[in-house]
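Notes follow once the structure below has been shown.
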Amino acid sequence: MKRKIIEIDEALCNGCGQCVTGCAEGALAIVDGKAKIVADHFCDGLGACIGHCPTGALQIIEREAPEFDEAAAMAHVAQAGQPGGKHGGCPSGQPLTLTPCQQANVPTGQTPVAGSALSSWPIKLRLVPPTAPFLKGARLLLTSDCVPPAFPAFHSAFLPGRVALLGCPKFDDVQAYVDKLAAIVRENAVADITVLQMEVPCCSGMARIATMAVTASGRDIPITRVVVGRRGEIVSMGPVSETGNAGGATL
C-alpha cells in the first residue's frame, strides 16, 4: 500500500539520535552514524520525530510501505527496554554502571582534579529505562541541566552515592518526565529524591515534577530540594511538601 512514512536525508543527518528517543514506536535507530528506519511497519507516519531533528534531515513522504503495525511496534519497544534485549536505538541509551575501578583506570592526565562521582549512564531522564539495574534501591539526584556547569561542587557535594537524572522543565515534556520518574520510583524501591534546580523561575518545575511523580507512583519517599544560584552558591535547601513547595532555611 502507498502511505505516509518518514524519509531520512543521510547527507543532513549528523547521527545525534534525538529522533530515536523522540519516536515512541521505536521505528528509528542509529546505524553506522546515521538514522535509519528499523522496519517500515514500525513507523506510523505521523512525524513526531521530525521536531526532534536539529538538522532538518527528516520529512514525511508517501511511498509503498506495509501498513503500520502498532502491536508489533510496541512489542519491539518493550523488548528494547528489557535487560539483555536488543537495543536498536541511540547508543547513548544503553544502561551502564560505572564502577570505581573504571574511574581508577583512567590515565592520570585525563582524570579531573576532584575526580568524577558519576556512577551510571545514561544520565538524561528521558533516556533512562525504568528497568536499568542501577536504579534498584537508588537515591536519585533529579538535576536541572543548568546545575552542573553552574555549581562547581556538583560531583563532590551531591553526586556521590546517588544516581543522576538530568532534564529541563522549561523545554522538555513535563508529563513525560512525570510518567517516567513515577515508573522508576514505583518499580525500583527508590530510597529518596534530591532535586537540584537553579534559582531562575523557569527551573522551579523540577520539584513539582518529583512531587507529582512520587504521588503517581503510590509510594511515600522523602524529597529534598536544593536551589543553586547563578554564581554557583547554594541559595536554599529543604524538604519538599506534597504541593511541591520547599521548607528549610535560605543559606
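The pair Lys124-Asp145 meets the salt-bridge criterion, since a charged nitrogen lies less than 4.0 angstrom from a carboxylate oxygen. Using a 4.0 Å cut-off between a side-chain N of Lys or Arg and a carboxylate O of Asp or Glu, Glu67 and Arg3 do not qualify as a salt bridge. Between Arg63 and Asp40, at least one side-chain nitrogen of the basic residue sits less than 4.0 Å from a carboxylate oxygen of the acidic one, meeting the salt-bridge criterion.
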Next item on the list: Would you sort out whether Ile223 and Val214 count as a side-chain contact (heavy atoms from CB on, under 4.5 Å), showing the intermediate values?
Entry: CA-CA 9 Å; Ile223 304 172; Val214 169; 3.7 Å; yes
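The two atoms that bring Leu142 and Met206 nearest to each other are CG-CE, 3.6 Å, heavy atoms only. The shortest heavy-atom contact between Val77 and Ala24 is CG2-O, 3.4 Å. Between Ala191 and Ile221, the closest heavy-atom pair is O-CB, 3.8 Å. In terms of heavy atoms, Ala207 sits closest to Val195 at N-CG1, 3.9 Å. In plain terms, the two heavy atoms of Gly229 and Glu199 that are nearest each other are CA-OE2, 3.5 Å. Closest heavy-atom contact between Ala138 and Val190: O-CG1, 3.3 Å.
One hydrophobic cluster, built from ILVMFWY side chains closer than 4.5 Å, cannot hold both Leu12 and Ile37; they sit in different ones. Linking Ile, Leu, Val, Met, Phe, Trp and Tyr whenever their side-chain heavy atoms come within less than 4.5 Å puts Ile50 and Ile61 in one cluster. Hydrophobic clustering of Ile, Leu, Val, Met, Phe, Trp and Tyr side chains at less than 4.5 Å, counting indirect connections, unites Ile8 with Ile60. If you chain together hydrophobic residues whose side chains sit under 4.5 Å apart, Ile5 and Val20 fall into the same group. In the hydrophobic clustering of ILVMFWY residues, with side-chain heavy atoms under 4.5 Å counting as a link, Ile6 and Leu46 come out apart.
Taken from CG in Leu125 to CG in Leu181, the straight-line distance is 6.0 Å, to the nearest 0.5 Å. For the atom pair CG of Leu141 and OG of Ser119, the computed distance is 10.0 Å after rounding to the nearest 0.5 Å. Taking NE2 of His41 as the reference point, atom NE2 of His76 lies at 9.0 Å (rounded to 0.5 Å). Annotation: the span from Leu159 atom CG to Leu196 atom CG amounts to 9.5 Å, rounded to 0.5 Å. Atom OG of residue Ser120 and atom CG of residue Leu135 lie 7.0 Å apart, to the nearest 0.5 angstrom. Once rounded to the nearest 0.5 Å, the distance linking SG of Cys53 with CG of Asp9 reads 9.5 Å.
A 6.0 Å sphere centred on CZ of Arg230 holds no more than 12 heavy atoms belonging to other residues, nucleotides or ligands. Counting non-hydrogen atoms of neighbouring residues, nucleotides and ligands closer than 6.0 angstrom, the NZ atom of Lys34 exceeds 12 such neighbours. Counted within 6.0 Å of CD on Gln59, heavy atoms from surrounding residues, nucleotides or ligands total more than 12; the atom is thus considered enclosed.
Judged by distance alone, the side chain of Lys4 and the main-chain N or O of Asp44 form no donor-acceptor pair under 3.5 Å. Remark: the backbone N or O of Pro130 is paired with a side-chain donor or acceptor of Asn188 at under 3.5 angstrom. At least one donor-acceptor pair closer than 3.5 Å links the side chain of Lys180 to the backbone N or O of Arg126. The closest donor-acceptor contact from the side chain of Thr143 to the backbone of Leu166 lies at 3.5 Å or more, if one exists at all.
Contact annotation: the side chain of Asp69 never approaches that of Phe42 to less than 4.5 Å [non-hydrogen atoms, C-beta and beyond]. The shortest distance between side-chain heavy atoms of Arg208 and Thr211 does not fall below 4.5 Å. Contact of the Val227 side chain with the Ile234 side chain is not registered, since no non-hydrogen atoms from C-beta on lie closer than 4.5 Å. Met198 places a side-chain heavy atom less than 4.5 Å from the side chain of Val147. Side chains of Leu140 and Asp192 form no contact here, defined as non-hydrogen atoms less than 4.5 Å apart. No side-chain heavy atom of Glu70 sits under 4.5 Å from any side-chain heavy atom of Glu25. Between Lys170 and Cys203 there is no side-chain heavy-atom pair separated by less than 4.5 Å. Using a 4.5 Å heavy-atom threshold, the side chains of Ile123 and Val128 count as separate.
Ring pair Phe158/Phe151 is tilted by interplanar angle, where 30° to 60° counts as tilted.
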